[in-house]
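This report refers to the structure that appears directly beneath it.
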Amino acid sequence: MAEITISLPDGSQRSLPAGATATTLAESIGSRLAKAAVAAVVDGEERDLGAPLAGGQQVAIVTADSEAGRHVLRHSTAHVMAQAVTQLFPGAKFSIGPAIADGFYYDFDLPGGRTFTEADLADIEARMRDIIKADQPFVRDELAAADALRLFADQPYKCEIIQRVSSGAADSDDAAELGNAETISIYRNTPEFVDLCRGPHVPSTGRLGHFKLMKVAGAYWRGNEKGPMLQRIYGTAWESKAALDQHLHRLEEAEKRDHRKLAVELDLLSFPQQLGGGLAVWHPKGGIVRKLMEDYSRERHLNGGYQFVFTPHLANGNLFETSGHLSWYKDGMYPPMEMDNGTYYPKPMNCPMHCLIFDSRQRSYRELPLRLFELGTVYRYERAGTLHGLMRIRGFTQDDSHIYCTEEQLQDEIISLLDFVMSVLRAFGFTDFTANLSTKDPQKYVGTDENWERATEALRMSLEKYDLDYKIKEGDAAFYGPKIDIDVKDAIGRTWQLSTIQCDFNLPERFGLEYVGADNNRHRPIMLHRALFGSIERFFGVLIEHYAGAFPTWLAPLQARVLPVAEAHQHYAEEVMARLHQEGLRVDLAEANDQLGKRIRAAKMEKIPYVLVVGDDDVAVGTLGVNPRGGEVERGVALDEFVRRVVDEVRAQLAVV
RNA sequence: GCCGGGUUAGCUCAGUUGGCAGAGCAACGCUCUUGUAAAGCGUAGGUCGAGGGUUCGAAUCCCUCACCCGGCUCCA
């Protein structure tokens with residue numbers, strides 16, 4: 001019998017009978033592998049397990065518990081969902097259904113403009129379980145575009161995809177369905193249900209099952225807001241029940257950290273309906289945290305060679321004509337106010353005003369780099385549907401800096417900015433950083449290509465020199481220049497985009513900014529835009545989620561609460577509080593009106609770092625019972641000792657720069 | 001802006017077919033004087049998001065608007 005030889009990832013070789021498939025290969029290696037297998041990578045390309053192998057090929061088995069394996073599971077589960085929906089909703093059109101991070105979705109167009117309800121999800125899920133139980137095979141077939149068009153004649157979205165792919169105009173959405181194959185590949189589950197797909201898929205639906213449909217949403221066809229709106233169902237799918245449960249548990253944990261919920265519970269801030277959408281008021285407890293954040297930021301900026309400036313909330317529209325904001329972002333600006341001497345707008349950015357400060361007198365090269373810093377409040381008319389707690393808000397304060405420098409200074413300045421930004425972020429408990437480099441959007445930019453290239457190159461070289469991991473985001477730049485965004489990873493592994501460093505050759509030109517060089521000639525400075533927290537509001541929201549509301553001692557609204565065991569200890573408790581206030585600590589006192597246990601519980605729910613209990617023993621010798629957040633109760637701690645510990649703790653938290 | 005779901009006491013949430021507005025926690029008062037995560041009793045708290053409509057009667061059905069939530073689109 002003829003044999004073929006296959007190379008495995010570990011370099012070993014294996015002989016198999018001719019006509020063998022990846023399934024045969026997996027079985028020959030071990031039954032556990034065969035059970036976990038969902039697809040194969042053959043000579044670098046993902047294939048179905050059932051595809052025949054040829055001699056000399058490199059083959060790796062993809063198991064369900066790998067990222068690639070889960071991707072296959074999710075994509076296959078999406079097909080099952082599409083089949084369930086087409087069965088339950090005759091006449092439903094289906095468009096695309098890719099695997100995404102943690103799950104999958106599928107977009108549908110239901111007859112008569114019908115929309116899904118949450119209740120439909122249970123029915124669809126039940127039908128999906130039937131399909132999985134039936135263990136339908138995923139049968140791949142390839143056909144010519146004309147045949148595919150005939151097959152999907154009653155599926156307009158599929159036809160659109162086939163036409164785009166066969167005419168070579170496929171985009172990334174299409175590619176998810178079909179790749180860029182010359183022939184159209186399809187997967188058939190039943191004589192009735194067939195879907196366009198590049199694959200690979202699991203051999204049969206029986207391999208699926210650890211999934212859950214999560215939510216319904218509207219989604220524009222091909223992301224085009226002028227196009228039809230489809231009905232999207234999101235689901236999640238995993239290799240095992242344990243993995244699915246773990247994922248659902250993670251979601252619950254994330255929900256507990258929701259800053260909107262915690263902001264109410266901890267009395268930090270609110271969004272009163274009377275104020276209008278996307279506008280927040282800071283309550284005293286949120287206010288003190290914000291003050292601490294800002295004080296720390298100001299101190300660091302002062303030490304970092306920044307100069308403080310202040311600019312008004314309104315500006316004449318001419319200013320934003322000059323900057324270009326009105327031509328690019330008019331829709332995102334609050335509407336104008338007509339006044340005696342012109343049209344005024346609430347400012348959406350601080351940079352134009354900082355340019356005016358630069359331009360207020362003649363500048364010398366000796367002044368550069370000139371670093372202007374402002375906690376500048378801006379207003380942006382975010383569309384109603386995009387508002388989201390503190391993360392997307394209409395009035396917010398940027399910790400905004402604009403640095404004017406020479407071309408020679410540019411790279412060092414960017415590198416020192418990277419250093420400065422991450423150093424400040426470390427004080428807030430972030431240690432894991434990555435970067436994105438956003439390049440020119442060919443549809444939306446000002447300035448010359450040459451300037452864009454120089455700016456992009458300066459940013460790229462700085463990242464290389466600083467040795468920070470980064471990805472390129474094509475076309476994601478601001479209209480005036482390319483940028484580096486710094487992402488941080490939070491306590492539960494989510495990433496948040498925080499800081500931004502933007503290189504700008506264009507605004508200095510638009511504002512005609514100049515300095516006198518050592519050669520006594522006039523030169524144009526380069527401008528760096530830099531926001532560190534980004535928006536104070538948003539950064540605060542990220543901090544709430546990162547710490548789950550339990551701010552580190554240096555940042556906690558209240559650092560300690562003194563609890564007298566009984567009324568008799570009230571006087572001593574007041575003395576303790578007075579002493580701690582003297583030391584600059586933020587402390588309050590809960591009188592003995594309620595039982596001790598109840599007051600402790602309340603303090604714990606408020607996530608106060610230290611609960612200090614004082615009773616007879618303490619009054620006698622000047623001590624405290626110290627109940628730290630997340631730690632063990634310690635009795636008989638001397639007051640001086642406690643002060644020393646807290647002061648040391650705060651110093652250590654801020655010494656991470 | 002678009003699609004879908006919501007809004008009842010400070011918070012979390014019940015409220016049947018359209019028929020007297022409810023609970024727990026919190027607040028306040030009294031009793032208890034307490035040693036490490038919820039003492040007991042009592043009191044008060046509401047234009048049921050706003051406005052309009054249907055109806056003998058609307059928290060409940062219909063319309064408009066505001067705000068919130070999940071997505072899409074957008075994000076200087």
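Naming: A, B, ... by sequence-line order, numbering from 1 per chain. Excluded from the calculations below are hydrogen atoms, water molecules and symmetry mates; all remaining heavy atoms, backbone and side chain alike, are included.
- Of the listed nucleotides (B/rU36, B/rA38, B/rU34), B/rU34 has the atom at the smallest distance from the side chain of A/A592.
- For the pair A/L230 CG and B/rG4 P, the interatomic distance rounds to 13 Å; values are reported in whole Å.
- Side-chain atoms of A/N506 come within 3.5 Å of backbone N or O of A/V446 as a donor-acceptor pair.
- Between A/Y445 and A/F479, the ring center distance fails the sub-6.0 Å criterion.
- A/G534 comes within contact range of no nucleotide atom at all, as no heavy-atom separation falls under 4.0 Å.
- With respect to A/R164 and A/E160, a salt bridge is recorded, a charged nitrogen being found less than 4.0 Å from a carboxylate O.
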Whether each nucleotide of nucleotides 70-76 of chain B has a protein heavy atom under 4.0 Å at its base (B), only at its sugar-phosphate (S) or at neither (-) is summarised, 5' to 3', as BBBBBBB
Would you please test A/E474 and A/T439 for side chain to side chain donor-acceptor pair (under 3.5 Å) and show each step?
CA-CA 5 Å; A/E474 296 286 349; A/T439 60; 3.1 Å; yes
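- Residues meeting the side chain to side chain donor-acceptor pair (under 3.5 Å) test with A/R524, sequence neighbours left out: none.
- Which of B/rC11, B/rU36, B/rU34 sits closest to the side chain of A/I600 comes down to B/rU36.
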side-chain contact (heavy atoms from CB on, under 4.5 Å) between A/T311 and A/E374, worked out
CA-CA 8 Å; A/T311 66; A/E374 174 177 18; 3.0 Å; yes
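- Within 4.0 Å of A/G277, counting heavy atoms only, lie sugar-phosphate atoms of the nucleic acid but no base atom.
- In the region residues 605-619 of chain A, proximity to RNA chain B at under 4.0 angstrom, judged on heavy atoms, holds for A/V613, A/G615, A/D616, A/D617, A/D618.
- Contact annotation: A/Q595 reaches the phosphate of B/rA39 (side-chain N/O to OP1 or OP2, under 4.0 Å).
- Here A/Q231 lies in heavy-atom contact (under 4.0 Å) with sugar-phosphate atoms only.
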